[in-house]
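Numbering starts at 1 and runs along the sequence shown. No hydrogens, no waters, no symmetry mates; every other heavy atom, side chains included, goes into these values. Computed from a predicted structure; not experimentally measured.
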Amino acid sequence: MGYTKDDLLARLEELKIDFERYDHPVVLTVEEQAKHVGNLGGALTKNLLLKDKKHRLYIVSALADTKVDMKILSQRLGLGKGGVRMAPEDNLRQVLQVPLGCVTPFALFNETASAVSLLLDQGFKSKKSCYFHPLTNDVTIALSSSNLDKFLLSIGKQPAYVDLEASPVVGKDNPPDLADLVPSGALSFPEESVENVAPTHAQTKDVPKEKTCLPDVKAKPKVQNKVASSSEGKVPTNGANVEKFVTDVLEIISPLFISEVSKKLNIKEDELSPILDGLKERAALNVDSLASLFKSAAYTTGFDAGVKTMLNYGKSGLPSQE
């Protein structure tokens with residue numbers, strides 16, 4: 001079991017780190033958080049949990065208005081254009097041990113997250129204080145970058161501040177400038193062990209389907225003339241797996257978009273493909289976050305419905321005999 005909010009705040013006090021605390025209702029987005037603390041003088045932040053193809057994890061912590069291009073960031077890490085993407089929710093809960101909406105540098109307080117790499121926005125240093133959730137999203141704390149550094153050093157994590165909006169040339173004569181921030185060695189996650197175990201009747205019965213399909217997104221082939229019509233009527237599959245669901249949605253929408261634009265603007269479909277690749281890369285992050293919110297909301301709704309059924313009809317599903 002991971003550390004709690006109270007554990008973290010107690011540690012900050014032990015380290016004599018100055019911070020301001022603001023309690024508020026649970027928030028899942030920066031926009032919701034801004035309604036409660038946006039006018040109090042600190043800088044809002046956004047925090048992403050990313051995963052590469054070797055299942056290594058990265059927390060990118062940035063000012064809310066900093067533009068983070070995942071394709072450029074991946075190249076700067078030496079992982080190629082599509083080397084990182086949003087990590088699945090399982091990694092967030094099992095490695096960082098925090099719920100959805102609580103990814104911040106403070107999640108590294110948990111020992112299970114010791115191998116997670118942290119990239120901090122250099123813009124933090126220009127702010128008097130920045131806002132972060134302390135392992136739970138019903139509280140926000142404000143502290144300076146120097147005090148954040150003090151906490152990170154106390155857990156053995158060297159702060160690494162990066163210009164996240166930079167786009168340096170990466171090539172033969174220009175090595176990736178952030179390659180040193182790639183964790184050494186792949187992390188071990190439950191989905192890896194599931195995929196590597198020979199399937200048996202007993203195992204497949206107990207293994208949740210969601211954890212058996214976490215595919216890496218591969219480069220899409222160029223769109224052909226008839227691909228739009230073949231996409232009509234398709235529905236996204238495996239909605240329980242957010243990563244797969246987002247991929248399915250983008251694969252369905254992309255050819256339809258290309259077909260319509262090429263007809264109305266009289267542009268060849270091949271010329272639109274590179275533009276669409278960039279749009280998909282930028283849209284994937286927002287669609288992924290939105291799908292995760294819907295998934296969590298669905299789980300919560302289902303749980304509440306189950307509790308009401310238990311209360312109304314008893315554990316057997318029949319009217320209780322009271």
Side-chain angles (χ1 to χ4, degrees), residues 1-9 22-38 44-52 55-62 64 68 70 84-113 116-119 130-141 187 189-191 208-211 213-214 236 238-249 283-307:
M1 183 176 179
Y3 287 111
T4 66
K5 166 190 65 182
D6 293 335
D7 294 331
L8 173 61
L9 297 181
Y22 305 100
D23 292 270
H24 51 70
V26 170
V27 295
L28 290 174
T29 65
V30 176
E31 291 74 19
E32 291 178 7
Q33 184 186 30
K35 295 176 182 178
H36 304 286
V37 299
L44 293 164
T45 66
K46 58 184 176 184
N47 298 270
L48 310 175
L49 180 62
L50 307 181
K51 180 191 73 170
D52 66 22
H55 300 287
R56 295 172 296 203
L57 295 179
Y58 308 77
I59 289 179
V60 177
S61 186
V68 181
M70 290 174 60
V84 294
R85 61 172 297 127
M86 293 295 291
E89 189 178 341
D90 282 350
N91 292 168
L92 184 150
R93 296 183 182 277
Q94 296 170 8
V95 180
L96 301 187
Q97 298 193 54
V98 295
L100 192 66
C102 299
V103 176
T104 73
F106 291 110
L108 300 179
F109 189 32
N110 288 310
E111 294 180 2
T112 50
V116 177
S117 182
L118 175 64
L119 285 74
C130 297
Y131 292 136
F132 301 97
H133 290 313
L135 306 182
T136 181
N137 50 2
D138 59 354
V139 175
T140 293
I141 61 174
L187 296 175
F189 295 124
E191 54 263 36
K209 185 177 181 181
E210 180 181 353
K211 294 185 181 181
C213 45
L214 291 173
N238 196 13
N241 187 322
V242 172
E243 185 175 6
K244 181 68 165 60
F245 177 79
V246 171
T247 301
D248 288 345
V249 169
L285 177 60
N286 293 327
V287 177
D288 197 304
S289 299
L290 185 60
S292 294
L293 292 178
F294 280 138
K295 177 182 173 183
S296 297
Y299 283 164
T300 302
T301 301
F303 177 77
D304 290 342
V307 171

Leu96 and Val103, any side-chain heavy atoms less than 4.5 Å apart: yes

Taken to the nearest 0.5 Å, the spacing of Leu8 CG from Phe132 CZ works out to 12.0 Å

Applying side-chain contact (heavy atoms from CB on, under 4.5 Å) to Val116 and Leu108, what does each step give before you reach the verdict?
CA-CA 7 Å; Val116 177; Leu108 300 179; 3.8 Å; yes

Exercise for the section: Please step through side-chain contact (heavy atoms from CB on, under 4.5 Å) for the pair Tyr22 and Ile141, ending with a clear verdict. Expected result: CA-CA 6 Å; Tyr22 305 100; Ile141 61 174; over 6 Å; no

Residues passing the side-chain hydrogen bond (donor to acceptor under 3.5 Å, both in side chains) test with Tyr131, sequence neighbours excluded, are none

The single option from Leu119, Thr45, Leu118 that satisfies side-chain contact (heavy atoms from CB on, under 4.5 Å) with Pro105 is Leu118

Original post:
Can you find a heavy atom in the side chain of Tyr58 that is under 4.5 Å from one in the side chain of Leu49?
Top reply: no

Q. Can you check whether His24 reaches Val27 side chain to side chain, under 4.5 Å on heavy atoms?
A. yes

Which donor-acceptor pairs under 3.5 Å do the side chains of residues 30-37 make with protein atoms, sequence neighbours left out?
unit_1 : atom_1 : unit_2 : atom_2 : d
Glu32  : OE1    : Leu28  : N      : 2.9
Gln33  : NE2    : Thr140 : OG1    : 3.0

Correct closest heavy-atom pair for Gln97 and Gln94 would be CG-O, 3.8 Å

Rounding to 0.5 Å, atoms CZ (Arg56) and NZ (Lys51) come to a distance of 12.5 Å

Applying side chain to side chain contact (heavy atoms under 4.5 Å, CB included) to Cys102 and not counting sequence neighbours gives Val98, Pro99, Asn137

The reported gap from CD1 in Ile59 to CZ in Phe106 (rounded to nearest 0.5 angstrom) is 11.5 Å

Closest non-hydrogen contact found for Lys5 with Thr136 is CD-CG2, 3.4 Å

Sorted by chain and number, sequence neighbours left out, side chain to side chain contact (heavy atoms under 4.5 Å, CB included) with Asp7 holds for Tyr3, Thr4, Phe109

Within the distance-only criterion (no hydrogens, no angle test), does the side chain of Asp23 pair as donor or acceptor with the backbone N or O of Val139 below 3.5 angstrom? no

Those residues at least two apart in sequence (or on a different chain) that pass side-chain hydrogen bond (donor to acceptor under 3.5 Å, both in side chains) with Thr104 are none

In this structure, CG of Leu92 is separated from CE of Met86 (nearest 0.5 Å) by 9.0 Å

*Leu57 side chain near Leu50 side chain, heavy-atom distance below 4.5 Å*: no

Between the side chain of Asn110 and the main-chain N/O of Ala113, is any donor-acceptor distance below 3.5 Å?
no

